[in-house]
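Both ligands and their constituent atoms are indexed starting at 1 by order of listing.
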Amino acid sequence: MSISSPLDSNDVAPSPSRSRRSWDPVVKVTHWSIVTTILANALITEEGSGAHIWVGYALAAILALRLLWGLIGPAEARLSAFPPSPRRALAHLRDIRTGRKEVHRSHNPLGALMVYAIWSMLGVIIASGIVMAGPPSTAFLNPAEQSGAVTGQAVAGHGDHDDDERDEGAEGEDSVWEEVHETAVNLLYILIALHIAGVVFETRRSGREILLAMLPGRA
Ligand code: HEM
Ligand code: HEM
């Protein structure tokens, strides 16, 4: 039996009747929609294509909805229910070492760090993607030539020689964002692997149906 301290104010003592049985529908739908958009852009759409950018903006909208839900949604879904806290994460690691099992009403402290890491990485991917693609109003018109189009606007009114220099500058800038985008995507893959390993580990350790709580059909 765990003892609640002020540090653990977001947690509840392990009692089956109070343990979480399911996430609310918005958390579930946004989770699996985010998974779907990432899979789509990683495996199906062509990098930088119109479809890739559409899916990217959908991902941005879904993430924004989840963050808004983190402010106005039910208690477990609120950001305040799982603050990013290295101190609480260390305490959780100690619990794992000593075999102490505490039921957290939201993400456990280690899981919370992972959630914020994934969201931050998605933020970098979305921001770098939008810089390369341009604003939504123009991004879908001719995606393949977006970098060129942006460069063209940037050099309007200058001579040919200047154009070349600006073109090179803008291309260099674009390739920096490409690097940022690609690196963040690769880091995201690592986080996802750790996240799934964490879910499996915590399910075994706690004996609770952590995955079922994220699946449809449970009230
Ligand atoms: C998590 C979802 C995403 C994944 C897995 C993903 C993956 C990738 C990858 C692997 C590339 C190739 C990078 C390179 O080597 O040049 C790429 C390029 C690109 N992505 Fe994404 N992306 C995602 C989200 C987005 C978003 C949100 C946007 C914008 C709204 C976006 C816009 C672009 C653009 C414009 C390019 C073309 C870069 C170029 O000119 O080569 N992506 N993406
Ligand atoms: C693209 C892959 C994935 C990403 C980016 C991802 C991301 C996330 C995020 C951000 C959360 C926090 C949910 C929220 O509060 O809104 C979460 C929770 C969760 N995810 Fe994933 N996820 C992915 C794949 C998976 C897979 C394949 C599974 C199944 C094994 C899974 C199972 C879960 C579970 C069970 C939770 C709740 C954990 C808890 O009770 O604290 N996720 N995931």
Side-chain angles (χ1 to χ4, degrees), residues 19-24 26-63 65-67 69-70 73-74 76-79 81-82 103-136 139-140 143-148 150 171 174-203 206 208-215:
S19 80
R20 186 186 66 235
R21 274 176 295 171
S22 185
W23 290 97
D24 70 75
V26 174
V27 170
K28 288 182 189 179
V29 169
T30 52
H31 177 263
W32 294 112
S33 308
I34 287 173
V35 173
T36 307
T37 54
I38 292 173
L39 286 177
N41 267 2
L43 303 175
I44 301 172
T45 64
E46 196 185 320
E47 298 158 1
S49 65
H52 186 89
I53 294 168
W54 270 112
V55 171
Y57 276 107
L59 168 64
I62 298 161
L63 183 59
L65 170 65
R66 174 61 185 98
L67 293 178
W69 198 239
E76 309 177 332
R78 294 213 177 189
L79 306 185
F82 56 100
V103 175
H104 302 272
R105 77 171 175 178
S106 188
H107 302 297
N108 76 46
L110 266 185
L113 288 188
M114 179 55 78
V115 171
Y116 287 107
I118 290 176
W119 284 344
S120 306
M121 209 50 78
L122 288 177
V124 174
I125 292 168
I126 289 166
S128 54
I130 289 175
V131 171
M132 291 188 290
F140 309 114
E145 297 185 1
Q146 272 306 301
S147 334
V150 171
E171 261 171 36
D174 255 14
S175 73
V176 169
W177 288 111
E178 257 177 68
E179 278 300 313
V180 171
H181 196 70
E182 198 182 6
T183 306
V185 166
N186 287 330
L187 289 175
L188 178 71
Y189 295 156
I190 294 173
L191 292 177
I192 290 169
L194 290 173
H195 164 58
I196 294 172
V199 169
V200 172
F201 174 80
E202 193 60 19
T203 302
S206 68
R208 285 183 302 121
E209 297 165 328
I210 289 173
L211 176 56
L212 286 185
M214 192 51 95
L215 295 178

In degrees, rounded to 10 degrees, what angle do H31 atom NE2 and H195 atom NE2 make at atom 21 (Fe) of ligand 2?
170°
Would you please determine whether V35 falls within less than 4.0 Å of ligand 2 on a heavy-atom basis?
yes
Subset of ligand 1 atoms that lie under 4.0 Å from at least one heavy atom of I38
1 (C)
Need the ligand 1 atom indices (1-based, order shown) with element for anything under 4.0 Å from a heavy-atom of E178.
16 (O), 38 (C), 39 (C), 40 (O), 41 (O)
Given 3.5 Å as the limit, does a donor-acceptor pair link the side chain of W177 with the main chain of A127, or not?
no
Passes side chain to side chain contact (heavy atoms under 4.5 Å, CB included), I210 versus M214? Steps please.
CA-CA 7 Å; I210 289 173; M214 192 51 95; over 6 Å; no
Quick one, K28 with S22, criterion side chain to side chain contact (heavy atoms under 4.5 Å, CB included). Give me CA distance, side-chain angles, the key distance, then yes/no.
CA-CA 9 Å; K28 288 182 189 179; S22 185; 3.0 Å; yes
Note: NE2(H52)-atom 21 (Fe) of ligand 1-NE2(H181) angle, rounded to 10 degrees, equals 180°
Within the structure, is a non-hydrogen atom of W69 found at a distance of less than 4.0 Å from ligand 2?
no
Taking C-beta and beyond as the side chain, do H107 and L113 meet within less than 4.5 Å on heavy atoms?
no
Rounded at 0.5 Å granularity, tell me how far CG in L59 sits from CD1 in I126.
4.0 Å
Flag the pair W54 / S49 as yes when at least one side-chain heavy-atom distance between them is below 4.5 Å, and no otherwise.
no
Ligand-side contact atoms (ligand 2) for residue partner I192, heavy atom cut-off under 4.0 Å:
1 (C), 2 (C), 5 (C)
Answer whether the closest heavy-atom distance between the side chains of L188 and I192 falls below 4.5 Å.
yes
Short list, please: which atoms of ligand 1 are under 4.0 Å from a heavy atom of E182?
15 (O)
Compute the shortest N/O to N/O distance between H107 and ligand 2 and return yes if it is under 3.5 Å, no if not.
yes
What atoms in ligand 2 come closer than 4.0 Å to a heavy atom of R66?
14 (C), 15 (O), 16 (O)
Main-chain N/O of I130 paired to Y57 side chain as donor or acceptor, under 3.5 Å:
no
Under 4.0 Å from a heavy atom of V27: give me the atoms of ligand 2 that qualify, with their elements.
14 (C), 16 (O)
Yes or no: does Y189 have any heavy atom under 4.0 Å from an atom of ligand 1?
yes
If you count the atoms of ligand 2 from 1 in the order shown, which ones are under 4.0 Å from a heavy atom of I210?
35 (C), 40 (O)
Side-chain heavy-atom pair H181, I125 within 4.5 angstrom cut-off
yes
With atoms numbered from 1 as shown, which atoms in ligand 1 lie under 4.0 angstrom from a non-hydrogen atom of I130?
29 (C), 30 (C)
Check for a donor-acceptor pair, side chain of R66 on one end and backbone N or O of V27 on the other, with a separation under 3.5 Å.
no
Just to be sure I'm reading this right: ignoring hydrogens, which of A184, G56, G48 gets closest to atom 26 (C) of ligand 1? Compare them by their nearest heavy atoms.
G56
Minimum heavy-atom separation for A81 and E76, please, with both atom names.
CB-O, 3.9 Å
Which one holds for I196 and ligand 2: side chain close, backbone close, both close, or neither close, with close meaning a heavy atom under 4.0 Å?
side chain
Those atoms of ligand 2 less than 4.0 Å from some heavy atom in M214:
18 (C), 19 (C), 35 (C), 36 (C), 37 (C)
Counting both backbone and side chain atoms, is some N or O of N108 under 3.5 Å from an N or O of ligand 2?
no
